[in-house]
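None of these values were measured; they are calculated from a predicted model. Hydrogens, waters and symmetry mates are skipped; everything else that's a heavy atom, side chains included, is used.
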Amino acid sequence: MELEGRGAGGVAGGPASGPGRSPGESALLDGWLQRGVGRGAGGGEAGACRPPVRQDPDSGPDYEALPAGATVTTHMVAGAVAGILEHCVMYPIDCVKTRMQSLQPDPAARYRNVLEALWRIMRTEGLWRPMRGLNVTATGAGPAHALYFACYEKLKKTLSDIIHPGGNSHIANGAAGCVATLLHDAAMNPAEVVKQRMQMYNSPYHRVTDCVRAVWQNEGAGAFYRSYTTQLAMNVPFQAIHFMTYEFLQEHFNPQRRYNPSSHVLSGACAGAVAAAATTPLDVCKTLLNTQESLALNSNFTGHITGMASAFRTVYQVGGVTAYFRGVQARVIYQIPSTAIAWSVYEFFKYLITKRQEEWRAGK
């Protein structure tokens with residue numbers, strides 16, 4: 001939503017000056033008319049006749065009223081902060097999810113639910129065990145989410161202008177999310193491999209450097225991208241569902257697209273839950289490709305599970321149909337606050353940075 005004028009009083013349209021009007025009123029009307037002409041279809045009379053939209057002084061600044069300052073840099077900075085906070089806050093639940101997706105877990109690593117798993121891991125393996133690998137995740141999440149949000153915002157606007165000029169297009173939102181995922185996963189996949197190997201029960205790795213060195217020496221550089229195609233196969237539909245659901249809910253809860261923290265949290269949480277539940281089978285296959293779980297490898301004749309088809313086949317051979325939904329509870333529980341945090345932090349920092357930029361420009 002754009003603000004056509006911020007002044008109070010006066011009547012839109014009509015001559016810019018005339019009998020009974022003070023010089024101040026004439027100047028105010030001139031300003032409205034100039035802005036209206038610039039925004040009308042084709043720059044003609046339709047724009048000049050549009051009345052100003054008055055802003056309630058108590059409603060706070062309108063987020064969408066600051067488009068000029070929402071630069072690519074703003075999106076990247078806000079996205080990086082959101083990604084790092086999201087992964088850091090939810091990392092212990094992510095560790096539990098990885099454990100619960102194990103196809104043939106050790107008897108000591110079989111858990112009934114998320115809370116019981118988290119308690120047992122801390123009690124038997126150490127208080128900080130669920131946080132092992134957090135540093136590599138935070139390192140990857142910053143640039144990955146910076147690219148992710150910047151690409152999404154740019155493509156969403158470009159495609160929406162083509163598909164539905166002047167409005168919001170769900171097709172554009174989904175397509176923008178899919179393309180943004182390509183960049184995000186390219187930056188994040190190596191960190192995911194290292195992180196999940198460090199999260200597994202009885203992992204031999206205590207430091208990130210040990211894990212990176214072992215994977216590189218024993219399996220080659222390609223091991224860091226072994227799950228990339230599966231990651232994309234999971235994240236492309238995930239992000240399409242995620243963004244389309246988020247934007248749809250924003251239209252319902254926040255139709256004027258103001259900065260509204262509660263609507264960002266609620267829309268993000270619901271979007272994450274729906275997308276997470278729908279793509280759990282692909283996440284199970286991704287975890288198997290990343291961890292190369294030893295018991296599952298024994299059922300695979302090639303020595304390494306190297307692709308989505310092989311992962312799907314191995315999951316079915318080891319655990320049947322139900323194995324595709326291992327860890328679904330942990331995945332949904334992880335994703336609800338995760339996407340809520342990501343969207344609320346991202347929208348907050350984007351709004352804050354944009355507002356500061358506008359204030360700085362106004363003061364020059």
Side-chain angles (χ1 to χ4, degrees), residues 1-3 38-39 61-87 140-189 228 231-232 234-251 254-260 263-264 267-268 271-272 275 338-358 360-361:
M1 184 182 79
E2 294 183 349
L3 296 182
R39 290 178 181 173
D62 190 337
Y63 169 72
E64 293 297 334
L66 304 171
T71 63
V72 172
T73 302
T74 299
H75 296 146
M76 294 186 76
V77 172
V81 175
I84 291 171
L85 285 177
E86 169 198 352
H87 283 283
H145 280 73
L147 293 171
Y148 172 70
F149 279 108
C151 179
Y152 172 71
E153 293 279 7
K154 177 65 176 176
L155 283 178
K156 179 182 74 169
K157 183 179 185 306
T158 302
L159 294 176
S160 290
D161 288 344
I162 296 171
I163 298 172
H164 188 188
N168 181 43
S169 168
H170 294 303
I171 296 175
N173 298 333
C178 292
V179 176
T181 300
L182 299 176
L183 296 176
H184 172 274
D185 289 358
M188 195 67 187
N189 208 85
Y228 183 58
Q231 182 98 337
L232 289 178
M234 176 187 73
N235 280 344
V236 165
F238 176 91
Q239 297 302 349
I241 295 170
H242 169 207
F243 281 115
M244 291 171 70
T245 304
Y246 178 81
E247 297 288 354
F248 172 79
L249 292 173
Q250 280 291 285
E251 286 184 351
N254 189 18
Q256 294 181 318
R257 297 307 178 98
R258 297 174 184 268
Y259 172 63
N260 186 332
S263 78
H264 299 318
S267 299
S338 177
T339 47
I341 291 169
W343 277 111
S344 58
V345 171
Y346 172 69
E347 296 286 4
F348 170 73
F349 273 90
K350 188 167 72 166
Y351 169 71
L352 184 65
I353 294 169
T354 303
K355 183 180 177 183
R356 293 290 179 266
Q357 288 175 336
E358 290 295 314
W360 180 76
R361 289 184 186 125

Backbone N/O of [Y] and side chain of [X]: donor-acceptor pair under 3.5 Å:
| X | Y | value |
| --- | --- | --- |
| N254 | R258 | yes |
| S344 | I341 | yes |
| Q250 | S263 | yes |

Measuring from [X]:[atom1] to [Y]:[atom2], what's the distance to the nearest 0.5 Å?
| X | Y | atom1 | atom2 | result |
| --- | --- | --- | --- | --- |
| L232 | M234 | CG | CE | 9.5 Å |
| F149 | L183 | CZ | CG | 13.5 Å |
| F248 | N173 | CZ | CG | 12.0 Å |
| Y351 | T74 | OH | OG1 | 14.0 Å |
| F348 | I353 | CZ | CD1 | 9.5 Å |
| S338 | L85 | OG | CG | 11.0 Å |

Taking side chain as C-beta onward, heavy atoms only, is [X] less than 4.5 Å from [Y]?
| X | Y | result |
| --- | --- | --- |
| H87 | H145 | yes |
| V179 | C151 | yes |
| Y346 | H75 | yes |
| H164 | I171 | no |
| Y152 | Q239 | no |
| H242 | W343 | yes |

| side chain to side chain contact (heavy atoms under 4.5 Å, CB included) evaluation trace for H264 with Y246 | CA-CA 8 Å; H264 299 318; Y246 178 81; 3.0 Å; yes
| message | Less than 4.0 angstrom from a charged side-chain N to a carboxylate O is my criterion; do R257 and E347 meet it? | response |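 Salt bridge: no.
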| query | With the threshold set at 4.0 Å, does a side-chain nitrogen-carboxylate oxygen contact exist between R361 and E358? | reply |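 A salt bridge links R361 with E358.
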Closest non-hydrogen atom pair, [X] against [Y]:
| X | Y | value |
| --- | --- | --- |
| A141 | G83 | CB-O, 3.8 Å |
| L155 | A176 | CB-CB, 3.7 Å |
| T339 | G268 | OG1-O, 2.6 Å |
| V345 | A82 | CG1-CA, 3.6 Å |
| Y228 | N189 | CA-OD1, 3.6 Å |
| M76 | A146 | O-CB, 3.4 Å |

